[in-house]
Amino acid sequence: MSGEESKLCEGAKKLGLELSPGQFEALQSYTDQVLEFNKGYNLMKAENRDEFEVNHILDSLAACKEIGSLAQSLAASGKEVKIGDIGSGGGCPGIPLAIAFPQYSFTLVERMEKRCAFLQQVVRSLKLNNAKVLCLQADKVKPESFTIEVFRAFHPFDTKITKLLLKMLCKGGFIAAYKARSEKITAEMESISFMVPSYKKIALTVPFLEDHERNLVVIQK
């Protein structure tokens, strides 16, 4: 195994993920495609393979346990698990999560055509049968399209964005937002407390970024 692969493998092990050789291969192919696309179009901030795999892939996979639990609770109550990656950009967290959870359906929602073309190319090349790209502004997405919504760098929670996220979400569904510092989360959530009276903040640990504070904010509709 090459050193380039080992960081991803070691990180997945630290997260307690049991990924198959095919899943690792898909994650590595996705990395190759992002780095190649980055040469002409600054899609995602990453200077090299290690930086991309740690800051983007492992960061996305750090919430697998929590998102898997949400999906299982929905499935157990008879609901279809339909996961939307809102403002998918270069495909994180949606593509790593779709690779990790082949049993669930993913929709990558992105409004910019160049990014959509890239995402469609990745979905095709990786044969991700459980993922599709929706090239649309989030406010044009059909109401109640998803039972789980995930995003990393979509937008801070404010009245307008929260209203939009809740509109796209089925009743009983979950928003799972990747966030950083606790103080910022508290300020954001206080500003929308009249819409979202309660939420969970779950601390995440990203392998090789243990000194960076990462949290998952979970809201149920």
Side-chain angles (χ1 to χ4, degrees), residues 30 34 37 41-45 56-57 59-61 63 66-67 70-71 74 79-101 104-124 128 130-180 184-185 187-201 214-221:
Y30 171 48
V34 170
F37 199 77
Y41 184 76
N42 192 19
L43 183 69
M44 298 174 84
K45 190 177 179 295
H56 297 287
I57 292 185
D59 185 73
S60 297
L61 296 177
E66 291 73 20
I67 290 166
L70 297 178
L74 288 167
K79 290 187 172 74
E80 189 184 348
V81 179
K82 297 179 292 182
I83 302 173
D85 178 15
I86 313 302
S88 188
C92 285
I95 286 173
L97 291 175
I99 292 168
F101 293 112
Y104 300 131
S105 106
F106 286 80
T107 300
L108 312 174
V109 181
E110 174 53 47
R111 66 183 176 85
M112 292 180 68
E113 285 184 16
K114 267 189 181 172
R115 290 176 181 174
C116 289
F118 171 75
L119 293 172
Q120 283 161 344
Q121 172 196 307
V122 171
V123 167
R124 272 195 308 271
L128 278 181
N130 63 326
K132 64 180 180 181
V133 180
L134 188 59
C135 197
L136 210 59
Q137 281 197 176
D139 59 2
K140 300 282 194 291
V141 175
K142 188 179 160 193
E144 300 195 1
S145 287
F146 309 115
T147 46
I148 298 177
E149 292 171 356
V150 296
F151 60 89
R152 276 171 89 228
F154 175 54
H155 202 284
F157 282 115
D158 62 21
T159 303
K160 184 181 173 185
I161 290 300
T162 306
K163 188 177 176 183
L164 174 58
L165 291 166
L166 290 171
K167 180 185 163 192
M168 290 187 284
L169 193 64
C170 295
K171 191 176 180 186
F174 299 96
I175 295 168
Y178 290 68
K179 296 283 182 179
K184 203 172 174 191
I185 292 168
E188 279 184 35
M189 300 314 289
E190 278 177 2
S191 77
I192 57 163
S193 59
F194 67 100
M195 299 174 77
V196 179
S198 66
Y199 67 95
K200 277 187 188 172
K201 178 173 70 77
R214 292 296 274 156
N215 291 286
L216 192 73
V217 172
V218 178
I219 297 165
Q220 186 169 24
K221 183 174 176 179

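Only this structure's heavy atoms are used, side chains among them; waters, hydrogens and symmetry mates stay out.
Judged purely by atom type and a 3.5 angstrom limit, N215 uses its side chain to pair as donor or acceptor with the backbone of A180. In this structure, the side chain of H56 engages the main chain of K45 through a donor-acceptor pair within 3.5 Å. Between the N130 side chain and the A98 main chain, a donor and an acceptor come within less than 3.5 Å of each other.
Interatomic distance, L166 CG to Q220 CD, rounded to the nearest 0.5 Å: 11.5 Å. The CD atom of E80 sits 6.0 Å away from atom OG of S105, with the distance rounded to the nearest 0.5 Å. With values rounded to the nearest 0.5 angstrom, M195 atom CE is found 9.0 Å from D158 atom CG. Residue L108 holds its CG atom at 8.5 Å from CG of L128, rounded to the nearest 0.5 Å. Atom-to-atom distance recorded for K171:NZ and K79:NZ is 9.0 Å, nearest 0.5 angstrom. Note that NZ of K221 and NZ of K167 are 10.5 Å apart. Values are rounded to the nearest 0.5 Å.
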| message | Apply side chain to side chain contact (heavy atoms under 4.5 Å, CB included) to residues L216 and Y178 and explain how you reach the verdict. | response | CA-CA 5 Å; L216 192 73; Y178 290 68; 3.9 Å; yes
| task | Show your working on side chain to side chain contact (heavy atoms under 4.5 Å, CB included) between V217 and F157 and close with a plain yes or no. | result | CA-CA 10 Å; V217 172; F157 282 115; 4.1 Å; yes
| Does the side chain to side chain contact (heavy atoms under 4.5 Å, CB included) test come out yes or no for V34 and F118, once each step is laid out? | CA-CA 9 Å; V34 170; F118 171 75; 3.6 Å; yes
| said: Determine whether I67 and F174 satisfy the following criterion, side chain to side chain contact (heavy atoms under 4.5 Å, CB included), listing intermediate values before the conclusion. | reply: CA-CA 9 Å; I67 290 166; F174 299 96; over 6 Å; no
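Residues E113 and C135 meet the side-chain proximity criterion, which asks for heavy atoms closer than 4.5 Å. The side-chain heavy atoms of S88 and R115, taken from C-beta on, include no pair separated by under 4.5 Å. Side-chain contact between K132 and V123 is absent, with no heavy-atom pair separated by less than 4.5 Å. Counting heavy atoms from C-beta outward, L97 and D85 have side chains that stay 4.5 Å or more apart. Side-chain contact check for E110 versus Q120: every heavy-atom pair is 4.5 Å or farther apart. A heavy-atom distance below 4.5 Å is found between the side chains of K179 and E188. Considering only heavy atoms from C-beta on, V196 comes within 4.5 Å of M189 through its side chain. Looking at heavy atoms from C-beta onward, I57 lies in side-chain contact with Y30 at the 4.5 angstrom threshold.
Under a cut-off of 6.0 angstrom, the local environment of CZ in R111 is sparse, with at most 12 non-hydrogen atoms contributed by other residues, nucleotides or ligands.
I175 pairs with exactly one of T162, L169, V150 by the side-chain contact (heavy atoms from CB on, under 4.5 Å) rule, that one being L169. A side-chain contact (heavy atoms from CB on, under 4.5 Å) with L70 holds for exactly one of T147, I148, V81; it is I148.
Residue I86 comes nearest to A138 through the heavy atom pair CG2-CB, 4.2 Å, listed as atom of the first residue, atom of the second, then distance. G94 and F106 get closest at one heavy-atom pair: O-CD2, 4.0 Å. Shown here for P93 and P96, the closest heavy-atom pair between the two residues is O-CD, 3.3 Å.
The pair K200-E66 does not meet the salt-bridge criterion, since no charged nitrogen lies less than 4.0 angstrom from a carboxylate oxygen.
Note on ring orientation: taking the six-membered ring where Trp is involved, the planes of F37 and Y41 are perpendicular (angle over 60°, cut-offs 30° and 60°).
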